[in-house]
Amino acid sequence: MELLSPEGLRQDGRRPRELRNLQSAVDTLGNADGSATFELGNTKVMAAVFGPRAAQGKSSGGRRDADIRCEFAIAAFSQSERKQLSKRDRRILEVRSMLKEALKANVLAELMPGTTIDVYVQVLAADGSIGAASLNAAFLAVADAGIPVKDLMAACVVGLVQDTPILDLNQMEEQMSRGPSLMMAMHVGLKKIVVFQADGRMPVEGVETLAELAEGGCQAVGKAMRSVLLDNTRKLALARGPVRL
Amino acid sequence: MTARVDSAPADSQAEAFKRLYPDQYYRRFLSQNTRPDGRSLTQTRPASVVLGVITSADSSALIKIGNTTVIAGVKLEVLMPKDPPDQGCLQVNVELTTLCSPEMRDNRPTEVPSFLTQQVDAAVRGSSAWQPQALCIQAGRAAWAVYLDLYVLCADGVLLDACVLAAMAALNALRLAPVDVTDAGNVVAAGNDAMTDGTSHPQQPYALSKQGTPLTLTCAVIDDRLIADPSSEEESLAATVVSTTVDGQGHVMGLQHAGGGVELSTAHLQQCITAAQDRHTDLFRVLSSAQPPDH
């Protein structure tokens, strides 16, 4: 099956450089210090942050920065076939370590010595780009918890299909595409790359093309996330009474 | 949680008192016949049901009781029925996600999910609506297998109530596609002219029976008084909790009292049942008014 029609449209009707419908919200769970949902088309991810709180666990005492811990899980009904993935599944561990490393680069952990920040991410529906969606949800939850960060971090996935770069791959495109793909997360204001995971063989010049498209994607996702965070901040500010400037 | 709007010193003193002496803090409210969140002792929290939130599931529901949040998803598969040959099967699984409470990662309770799984399973199978024969496509050859997965996303008390509500919401929203089995044993969409086995299947996607929907109310017992729909804080202070499942047709389907070093009087039990019947009316109304987005 061709992923791109002769007119250059994708199976779901999108143009190659088009994002799916993006929806996100913060403060979606009552128990957590910060929480968020992030939806990209049919992909839906929920994240919760607990902390910063006094160091938990054995090795975290006496640290000079905050210990960031991540957990990642995928619901059994999230994919087209029901599947229960164990906590030690390779795919789970891979995303978990990516989330942790990305947040380490993003959070100003040295401002919170001797604390633990727990970031939990649960995929509820998986239709491609789940790593990027999970990182976006995690970042929103971290921001919602009021944890200081370096910059707004946004992530997206791009790929090369029939020599055409495409943005925001869905499940089918991820599975059917034989071309290379790239998951990138960046600090959108600083324009610095935080995560760069490229898979598959591609010409050297292709890296630049994909990275450019990914940067555009991250900027677009970042813009949407910023407006959600701003709306929430406005709501909180007004809850304190009239704002005096 | 993120922004504390109140910062008056009186509040922080109350907060300190609450942390140091949670029992006394709570009992002061109790002596005034009220609770820290402003509810009366028998008042339940508002519940909400949203259907069709997960597009990858065959049916799904996101439910809330106060802060407690549970998501339920149903996946259908066609299996060869084994024993008995004319019945489909059901598999329930409840999981507590790490998101659901701050303590979940370091001391994850192992017995709570099993208890919830077993209770939800019993509630679904015990209801008069549950007819495994209705899941049969062709006796001995094909039947629906219903996988019901529940994830607790936020735990603030009454997990069983929330899980049962989510399970019933997802099962009520489930539509089975009309299918037939070909001679070669393949399952195809019904309405195919090649079908000659003469069985009459409904041609529209059909729902399972909704009679006698089981719903649960949990009550906590603190100082010999019943507290309806306790929060997680109240559950941790309670001597015991009693979960009553009723079907809205005058039957009690389950009554769990986990002991906890407290004996209950039969008057208490009667009170629990009456309260559960009232709660059933409430929850059933919420359940019936929930519409899937496409319908």
Side-chain angles (χ1 to χ4, degrees), chain A residues 26-35 37 39 41-44 46-51 53 56-58 69-84 87 116 118-127 141 143-147 171 232-233 235-241, chain B residues 1-7 37 45 52-62 64-77 79 91-108 145-157 170 231-233:
Chain A
V26 290
D27 201 10
T28 47
L29 292 172
N31 259 357
D33 294 317
S35 56
T37 52
E39 287 178 64
N42 286 332
T43 294
K44 183 171 186 159
M46 206 163 216
V49 168
F50 295 95
R53 48 183 171 169
Q56 316 265 312
K58 293 157 237 148
R69 305 190 300 183
C70 286
E71 289 288 336
F72 176 71
I74 301 184
F77 48 68
S78 66
Q79 275 161 325
S80 49
E81 282 206 9
R82 181 176 181 278
K83 211 182 295 170
Q84 275 182 308
K87 250 179 85 174
T116 298
D118 284 304
V119 182
Y120 303 140
V121 177
Q122 173 84 42
V123 174
L124 297 174
D127 187 15
D144 182 42
I147 291 169
Q171 178 94 348
N232 188 56
T233 307
K235 201 180 81 195
L236 289 173
L238 289 175
R240 281 170 180 259
Chain B
M1 277 293 182
T2 44
R4 292 200 53 83
V5 187
D6 43 0
S7 54
D37 57 8
R45 291 171 290 181
V53 283
I54 302 296
T55 41
S56 52
D58 290 295
S59 79
S60 59
L62 177 75
K64 284 193 175 209
I65 296 178
N67 274 338
T68 299
T69 311
V70 174
I71 194 161
V74 172
K75 278 290 214 186
L76 290 171
E77 276 175 27
L79 291 182
Q91 191 186 318
V92 180
N93 187 42
V94 182
E95 272 185 42
L96 301 185
T97 63
T98 38
L99 284 69
C100 77
S101 110
E103 289 83 37
M104 201 46 66
R105 184 194 149 116
D106 294 312
N107 32 17
R108 185 185 279 261
V146 178
Y147 295 95
L148 173 59
D149 287 288
L150 298 133
Y151 291 85
V152 179
L153 297 174
C154 182
D156 189 14
S231 66
S232 59
E233 213 166 37

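Computed from heavy atoms alone, side chains included, the values below leave out hydrogens, waters and symmetry copies. All values derive from a computational prediction rather than experimental measurement. Sequence lines set the chain letters: A, B, ... in the order given, protein chains first and strands last, and positions in each chain run from 1.
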When rounded to the nearest 0.5 angstrom, what is the spacing between [atom1] in [X] and [atom2] in [Y]?
X: B:Thr98; Y: A:Phe72; atom1: OG1; atom2: CZ; value: 11.0 Å
X: B:Ser60; Y: B:Lys75; atom1: OG; atom2: NZ; value: 10.5 Å
X: B:Leu99; Y: B:Leu153; atom1: CG; atom2: CG; value: 6.5 Å
X: B:Arg45; Y: B:Ser231; atom1: CZ; atom2: OG; value: 6.0 Å

**Asked** Most heavy-atom pairs under 4.5 angstrom with chain B, which of A:Ser80, A:Gly51, A:Ala141, A:Ala126?
**Response**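 Ranked by heavy-atom pairs under 4.5 Å with chain B, first place is A:Ser80.
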
**Fill in**
Ranked by heavy-atom pairs below 4.5 Å to chain B, first place among A:Gln84, A:Gln171, A:Glu81 goes to A:Gln84

Under 4.5 Å from any heavy atom of chain B - which part of [X]:
X: A:Val121; result: backbone
X: A:Ala75; result: both
X: A:Phe50; result: side chain

**Prompt:** So A:Gln122 and B:Glu95, side chain to side chain contact (heavy atoms under 4.5 Å, CB included) or not? Walk me through it.
**Reply:** CA-CA 12 Å; A:Gln122 173 84 42; B:Glu95 272 185 42; over 6 Å; no

**Request:** For chain A, find which of B:Asp156, B:Thr69, B:Asn93 contributes the most heavy-atom pairs closer than 4.5 angstrom.
**Result:**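 Among B:Asp156, B:Thr69, B:Asn93, the one with the most close pairs to chain A is B:Asn93.
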
**Request:** Could you look at B:Ala72 and say if it's the side chain, the backbone, both or neither that has a heavy atom under 4.5 Å from chain A?
**Result:** backbone

**Request:** Under the side-chain hydrogen bond (donor to acceptor under 3.5 Å, both in side chains) rule, collect the residues that match up with A:Glu71, sequence neighbours excluded.
**Result:**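 A:Glu71 satisfies side-chain hydrogen bond (donor to acceptor under 3.5 Å, both in side chains) with B:Arg105 once adjacent residues are dropped.
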
